[in-house]
Amino acid sequence: MPPSVLMVAEKPSIALSIARFLSSGRMSSRRSYLEVHEFDGRFRGLDVRYKITSVIGHVLSIDFPPKYQNWDTTDPFELFGALTIKSEANPKAHVCKHLQQEARGCDYLVLWLDCDREGENICFEVMESAVPVMRKGSGQQVFRAKFSAISEKDILTAMNSLGEPNKNEALAVDARQEIDLKVGVAFTRFQTRYFQGKYGNLDSSVISYGPCQTPTLGFCVERHLRITTFVPEPFWIVQPHISKGGHQLLLEWERNRLFDREVALMFQKMVTDTKSVQVTDVSKKEDRKHRPSGLNTVDMLKVASSALGMGPHHAMQIAERLYIQGYISYPRTESTAYSASFDVQGALSLHRKHPIWGDYVASLMAAGPHTPKSGVDAGDHPPITPMLSATESELGGGDAWRLFEYVTRHFLGSVSPDCKYTRTKVSFAAGGEKFSVSGRAVISPGFTAVMPWLAVADESLPTFSVGETISLSEVELYQGRTTAPDYLTESELITLMEKHGIGTDASIPVHINNICERNYAQVQSGRRVVPTALGITLVRGYQTIDIDLCLPDIRRFIEQQITLIAKGQMHYTRVVQHALQEFSAKFNYFVAQIERMDALFEAQFSPLADSGKPLSKCGKCSRYMKYIAMRPSRLYCASCEEVHHLPQNGAIKLYTELTCPLDNFELVIFSLAGPDGKSYPLCPYCYNHPPFEGAEVIFGGVGSGKDGGKGTGKGSRGMPCSICPHPTCRHSMIQQGVCSCPECDGTLVLDPISAPKWRLDCNKCNCLVYLPHNAHRISVSKDHCDDCGSALLEVNFNKNATPLTGGATLHKACVLCDELLHSLVEVKHGKAFFKRSGRGRSGRGRGRGRQSRGRGRGRVDPRMSFRDF
DNA sequence: GCAAGGTC
């Protein structure tokens, strides 16, 4: 067997391009967890077998170990000194396994990750999986390819000048990750617990803090404060009117405007008294409006927001889709310059026949090639360009078409001539004051023909000659008032973020989205970002305690620090320790001074005790607790001063005054919205303090985690009755569970309030099983099926609609094994439901893994009866 | 329930 070389790129599309260039298209591709392309070639004087595949961005991500995951038992300050762990960023993608599988026995590893710091960091993540399983050899086995574009020339050059991955650059990213995590999580947990424990109407699931999101909010609040503190001032302008050759002209005053009325009046009188103006100069010169440079992500997002009315998050989703479908090039790029190898002619010729801009493209090509305006080549990806021609109907109209049209017009504009026009300026004098008027005449529209919204408007002027006098028809004294600035548009916010280095092209939309989701700001009409009371109060609080916390310099500080590592000027450990020391000191000060921020909250929000409505009784003091419906919904016992968290995004009701046998708390019932939203009872106390040793481990209880500290996913934060292992309580999983879920490792539990459309709900996933609809009562019996171990159901059919022979109404049977019962049920959100031997409900091996499962996750008619399967 | 950064 020839030696083998494994090559790894940052994303599948790049692996494919590189494979094509290096193999001249002669390769074979197969699909493992990710695509792998193989071909034969030469490597350092050897005949080798090449394999090229990719990861999907970062392989690993950083977090705290499980013991720090509990918000109730971890002092946020401890987080600064905590160990951190790295675990697989997206376990479902099996990237580590994929890398190990492909690297096993390979002789060489070539890293083709993006050539930026993050890419350098991913190199080491890849090495961590790959190197241990490679064949041990002598000499260098790991190589780094450095490329500045995904073009044949660049890729071949890179292949011929392989180097080594840069550990310092990778360490800089490790440092950023650790600092961001510790600072962000410590502040977030502290302020969330502090303020949510005091106020009932904050309406945010979490009061987050972050070195990017908070300065982003800071920009919006700063503008808000400028607006609210704005004091308008009156000003005056002397405006002479003249008429010539049928034109009525208003002359512009060289002093622009004055804030002193008396002085302005004096000038007006001087001008009026002269009764005429004299032409002192007529200048004519050719001017041009430059064609745009190539389109990068940030500019695309700004235009999408300001001209197309599409939010950055949405615009990125649309762009992503256009990219996947092959209509546009990679949409995440910082570059505005096309690389030297970019084929302008080829890219243009795609559009020659386009029904809308085909004629323009044809004339552009006929006129010869136009060099694009220079811009920045960040070396990551080329500017965003169309890769196919498409019409509105092909793209299904809507936002996809509008964004594609913009990308295409921008590209065409960037390789078109500049717009040329003549600018005329006529200067006048009257009463010692100077005035002017300007006109414009377009010579050739250039790129504005295809980007008409940027067109230069003709403003014709009559002909004037120097020395000419024109009588004044009127000299107006215009009075105006300065006006407050408006709220920041999304587009302006993006500009500010980019200018201050807040976020990256890919993360800017995420940060904006974040401050909206946390209810700190809202995008209002005109796509202006307006901070909410919560957002304003937070930023004013930071300003009161420590203004650094909401200024963009905080990000700059972190960037500066880690750059020292990247350049090898400072040791990783020293930098991280220094930064954390600085931030933990800030944290301590913030905690010590929190009452100053709280004073602002007090003036704006209502205390917990005044919020919400009485709902259910506390098991400790027997007094009614209040249900606070505002996000995050919770129960508050005013006499015990305790907050009990509840599951989110659903409705909470009292469960007919039933109580938990363990702690006497009244049960409540949680229901997800909609006809197919499942519901389950829960004890407010048990939900937050799982009473059974091991229960929280099995189910991922509050703040605990068994799988590397990630928790066990949404909805499994606490312990509702549907997963409670209490052996005798009538609401527990033991009593209400029927059988294993066909979709996951959960258990199907009788939905207690599903009547009259009785059904079983999975206690983990969204699988629902509808039971016979002609039953007026269904309950879970204490008996089990002899064949499969499932709990038997007692079905009480309606007298008039019973399927039982002889008009009998009572039927006790297994939902899986009883022919009749099984034929009357159907699964929703489920794709398979089959009998399983020996696995009954809880207590006896509650659904532990499925015995078989199709690999595909295609849609199956959700109404399919599981009998039909 | 937490950050920011990759990418799908």
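Since the model is a prediction, treat every value here as computed from it, not as a measurement. By convention in this document, chain letters (A, B, ...) are assigned in the order of the sequence lines, proteins followed by strands, and residues within each chain are numbered from 1.
For A:N90, whose side chain is taken as the heavy atoms from C-beta onward, the closest listed nucleotide among B:dC8, B:dG1, B:dG6 is B:dC8. For A:Q69, the listed nucleotide lying nearest its side chain is B:dC2; candidates were B:dA3, B:dC2, B:dT7. Among the nucleotides B:dA4, B:dT7, B:dG6, the one closest to the side chain of A:C212 is B:dA4. Distance from the side chain of A:Q213 is smallest to B:dA4 among B:dA4, B:dG6, B:dG1. Residue A:S208 has its side chain nearest to B:dA3 when only B:dG1, B:dA3, B:dA4 are considered. Of the candidates B:dC8, B:dT7, B:dG6, B:dG6 carries the atom nearest the A:T504 side chain, counting heavy atoms from C-beta on.
Remark: A:K11 qualifies as a cation-pi partner of A:Y330 under the 6.0 Å distance and 45° angle criteria applied to the six-membered ring. Under a cutoff of 6.0 Å and an axis angle of 45°, A:K198 and A:F601 do not form a cation-pi pair.
Within the 4.0 angstrom heavy-atom criterion, no nucleotide atom of any strand lies near A:G119. Heavy atoms of A:P632 sit nowhere under 4.0 angstrom from any nucleic acid atom. Within 4.0 Å of A:N121, counting heavy atoms only, lies no atom of the nucleic acid at all. Among the atoms of the strands shown, only primed sugar atoms or phosphate atoms (P, OP1, OP2) are found under 4.0 Å from some heavy atom of A:P12. No contact: A:E559 has no heavy atom under 4.0 Å from any strand. Counting non-hydrogen atoms under 4.0 angstrom, A:T192 reaches a base of the nucleic acid.
We find that CG of A:D174 is positioned 14 Å from C1' of B:dG6, with the value rounded to whole Å. For A:I14 and B:dT7, the CD1 to P distance is 8 Å, given to the nearest whole Å. Separating the NE2 atom of A:H381 from the P atom of B:dG6 is a distance of 10 Å, rounded to the nearest angstrom. Residue A:I62 contributes atom CD1, which lies 17 Å from atom P of B:dC2 at whole-angstrom precision. Rounded to an integer number of Å, the gap from A:D63 CG to B:dA4 P is 14 Å. Atom-to-atom, CZ of A:F195 to C1' of B:dC2 comes out at 16 Å; the value is rounded to the nearest Å. Rounded to whole angstrom, the span from the CG atom of A:D116 across to the P atom of B:dG5 amounts to 12 Å. Remark: C1' of B:dC2 and CD of A:E78 are 16 Å apart, rounded to the nearest angstrom.
Salt bridge status for A:K182 with A:E178: present, with a side-chain N to carboxylate O gap under 4.0 Å. Under 4.0 Å is where a charged nitrogen must lie from a carboxylate oxygen, and between A:E490 and A:K302 no such pair does.
Separating the CD atom in A:E120 from the CZ atom in A:R144 is a distance of 4.0 Å, to the nearest 0.5 Å.
Put simply, A:W71 rests on the base of B:dG1: the two rings are less than 5.5 Å apart at their centres and nearly parallel, under 30°.
In this structure a side-chain-to-backbone donor-acceptor pair under 3.5 Å is present from A:E125 to A:L60. Judged purely by atom type and a 3.5 angstrom limit, A:D553 has no side-chain atom pairing as donor or acceptor with the backbone of A:R556.
Regarding contacts with the backbone of B:dT7, a side-chain N or O of A:Y330 is found under 4.0 angstrom from either OP1 or OP2. The phosphate of B:dG1 has neither OP1 nor OP2 within less than 4.0 Å of any side-chain N or O from A:Q648. Put simply, A:R332 has a side-chain N or O that comes within less than 4.0 Å of OP1 or OP2 on B:dT7. Distances shown here put a side-chain N or O of A:R518 below 4.0 Å from the OP1 or OP2 atom of B:dA3.
Proximity of residues 176-191 of chain A to DNA chain B (heavy atom under 4.0 angstrom from any strand atom) is restricted to A:R176, A:Q177, A:D180, A:L181, A:G184, A:V185, A:T188, A:R189.
No more than 12 heavy atoms of other residues, nucleotides or ligands lie within 6.0 Å of CD in A:Q581, so this atom counts as exposed by the packing criterion.
Two residues are said to be in side-chain contact when any heavy atoms from C-beta on lie closer than 4.5 Å; A:Y627 and A:V668 fail this criterion.
Where A:A93 and A:I508 meet DNA chain B, the nucleotide closest to each residue was compared, and A:I508 sits on the side nearer the 5' end. Comparing A:I56 and A:H511 along DNA chain B, the residue whose closest nucleotide (by nearest heavy atom) sits nearer the 5' end is A:H511.
A:Q317 contributes no side-chain N or O that forms a donor-acceptor pair with the base of B:dC8 under 3.5 Å.
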